[in-house]
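Right, one structure below, let's go through it.
Here is how names work: the chains are called A, B, and so on, in the same order as the sequence lines, proteins then strands, and each is numbered from 1.
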Protein chains: 2
Amino acid sequence: MRVTIKEIANALGVSPSTVSRALNNVPGVTEEVRNRVRRLAREMGYKPSAAARSLVTKRTGNIGLFIPRGLSFVMTNPFFAEVMEGIVGVLDGDGYNYVFCSSPRQYRKLFVTNMVDGMILFALRLGDPYIDELESSDVPAVVVGSYIESLGIPAVRPDDSGGTFQAVSHLIRQGHTRIGLLNGPLSSYKSRGCLQGYRSAFLEHGIEEDDSLLLCGEFVMDWGLEGARRLMGMKNPPTAVMCANDLIAQGVYRYAFETGLRIPEDLSVVGFGDFPVASYMTPPLTTVHTPLREMGARAASLLRALMQGEGAGTTNIVFPVRLVERQSTAAKHG
Amino acid sequence: MRVTIKEIANALGVSPSTVSRALNNVPGVTEEVRNRVRRLAREMGYKPSAAARSLVTKRTGNIGLFIPRGLSFVMTNPFFAEVMEGIVGVLDGDGYNYVFCSSPRQYRKLFVTNMVDGMILFALRLGDPYIDELESSDVPAVVVGSYIESLGIPAVRPDDSGGTFQAVSHLIRQGHTRIGLLNGPLSSYKSRGCLQGYRSAFLEHGIEEDDSLLLCGEFVMDWGLEGARRLMGMKNPPTAVMCANDLIAQGVYRYAFETGLRIPEDLSVVGFGDFPVASYMTPPLTTVHTPLREMGARAASLLRALMQGEGAGTTNIVFPVRLVERQSTAAKHG
DNA sequence: CTGAAAGCGCTTACAG
DNA sequence: CTGAAAGCGCTTACAG
């Protein structure tokens, strides 16, 4: 059987209260008693029960990661790794553990079962299940990377439309007029931002856009490959392509390699995110740098404030981004 | 205040036991009562307390992810994303949530606090802290990707030495005799396997190896870049390089791009892992394919058996791997 | 089918 | 500084 605080108390001839206080570094206990308790606890192999403790304290010490897209979506996308890095950086001193679920069936457990003190909502999209339940739940939460207007939850996200505007404008300035957009799904806020930025750039420069160059898919490499295939298979293919993230750009690179297309001589490509891999690509990718870590850090401090009872209101923090030019873009030929 | 089972019971004029049974789909309750309970529970916004429940059931419904390397190590390395995919695939029907910790300080919480029903141990290395405590803990666990002999915990891992043997032999057959090895740290079981495989290949082919070509670093892109720099800066640089994983190979690619070295004409490179990115690299990477998902699935079923009380013994399952030739290797010139 | 009761393992006022 | 007591919110034999 598992040893409890009571058994330690009996063995030592003190009360459970004392053992509890000794083990938890609560003041009122002699150093001597505290030490005796501790030693014995170790010897007996005592393990506190997280359940019992949180039942009374009403705290779990857990942060939930709400991931409607599924675990692999997140583990596979450097966006989240970087953001998590930022989050962990600020929250780590507080000693939290992180719990995430891998499928819709389990989402609810997270916030409907009081097993977390707060939640980070990743990759939320329009129409995701449980979203409203989520809102009515009283678990403090902050969403990162997206922003669902109707949701009364603070959000931290990059300036997707501004970044795309910058990137596409740069391409236009280089002489490109036929620019493909390999976007994510329109249920994603990010995709909507990209689309909007793309359009503003064309508007701004007085160039007419061709809607057949606007393709929606997923934020993965496979889509980049497939999308490039579609774009370049057109009768009048684009000379440049804007990708909604760096993963998609990797897919475009593969297409180029397979077909002998040279980047940037034959095709300019721009990514979004500036994931670590961007500068490791051949050639290094011109992309929109996004302060992922900073965003994570910000989300974390927001969450902490919320968990401490400080209301944050319906904050919507937009982080500025900037184009970093590497070697995948060039002026249009001829 | 949060609504409890008791309040529902009072409101309905039944006992808490009945409410509990109704909510948990336990037999002995009339359909009618069950429905009334459920409806009211929903109306009142009832949320079960995970803590209270697991205090009595002794189950948490959580799987712990023990990651001595830290969260970002894992999120940044496709090895784990793929393995997790496999794990989740088999365990998902069981409705588990996953909890991981991000820093050493929190490791212990996982297994010393009974907050998980089982654990997956990732990226374990020689000398990692808490390892022995871990063993004496009675939480069912399985390690994946490494294998610490002294630990009485079942392990699932790829044939690192066999894979490296295959790869290096292939390089030798292509005429390469000076082959660099960009390895991970020697505290990693994987690195040891790679080193061993490398050596056997040289032995097998009766070629003398040059130990100055054996470099240890980390399993990240940055190390690949740095390692390649060191290797190629030698007076007599290698004509091929074996990388302990695909991330390291990406670093070598970057070095090559920066210095104008052509892959595979000037330098052959082989990776290990066959991460999704491998076929997206320019040129596509020749690498040792590792059945990551299958490994994860296997680890999961092992863990499940353990959690159901079936002892697994000191299993040590080694998955076979195979070299997949793509376009980053070529016969040695002249 | 339903209820009263005990108990899971802890923490925390409340007294002393 | 220390202890007795109550209670956190549930589940589960045990009776009926």
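- Atom NZ in B:K6 sits about 15 Å away from atom P in C:dA6, given to the nearest Å.
- Note: CZ (B:R21) to P (D:dC14) measures 14 Å, nearest angstrom.
- You'll find that the side chain of B:V33 is closest to C:dT2, out of D:dA4, C:dA4, C:dT2.
- Between D:dT12 and D:dG16, the distance separating the two C1' atoms is 16 Å to the nearest Å.
- You'll find that the side chain of A:T4 is closest to C:dC10, out of D:dG9, C:dC10, D:dA4.
- Rounded to a whole Å, the CE atom of B:M44 is 13 Å from the P atom of D:dG9.
- Distance B:L23 CG to D:dT11 P: 8 Å, rounded to the nearest Å.
- Spacing between atom CG of B:L12 and atom P of C:dT2 amounts to 11 Å, rounded to whole angstrom units.
- Minimum atom distance to the side chain of A:S20 is reached by C:dT11, of the listed C:dT11, C:dT2, D:dT11.
- Taking the six-membered ring wherever Trp is involved, the centroid distance between the rings of B:F219 and B:F73 does not fall below 6.0 Å.
- Ion pairing of B:R298 with B:E294 is absent here, as no side-chain N (NZ or NE/NH1/NH2) approaches a carboxylate O to less than 4.0 Å.
- Side-chain contact check for B:S17 and B:S20: no donor-acceptor pair (N or O, by modelled atom type) lies under 3.5 Å.
- Contact between the side-chain N/O atoms of B:K58 and the OP1/OP2 oxygens of C:dG9 is found at a separation under 4.0 Å.
- Between D:dT2 and A:T30, a contact under 4.0 Å exists linking OP1 or OP2 to a side-chain N or O.
- Base pairing of D:dA13: no nucleotide in any strand meets the Watson-Crick or G-U wobble criterion (both distances under 3.5 Å).
- OP1 or OP2 of C:dG3 has at least one side-chain nitrogen or oxygen of B:T18 nearer than 4.0 Å.
- Taking a pair to require two hydrogen-bonding distances under 3.5 Å in either a Watson-Crick or a G-U wobble arrangement, D:dA4 remains unpaired.
- If you take CG of B:L55 and P of C:dC8, they are 9 Å apart, rounded to a whole angstrom.
- B:N24 has its CG atom 17 Å from the P atom of C:dC1, to the nearest Å.
- Nearest heavy atom pair, residue B:L303 against residue B:P140, reads CD1-O, 3.7 Å.
- In this structure, B:S15 does not reach the C:dT2 phosphate: none of its side-chain N or O atoms is under 4.0 Å from OP1 or OP2.
- Backbone-only engagement by B:V14 is indicated by non-hydrogen atom pairs under 4.0 Å involving sugar-phosphate atoms exclusively.
- For the pair A:P16 and B:V29, nearest-nucleotide mapping onto DNA chain C gives the more 5' position to B:V29.
- In this structure, B:F100 and A:F100 have tilted ring planes: the angle between them lies in the 30° to 60° band.
- The distance from atom CD of A:E7 to atom P of C:dG9 is 8 Å, rounded to the nearest whole Å.
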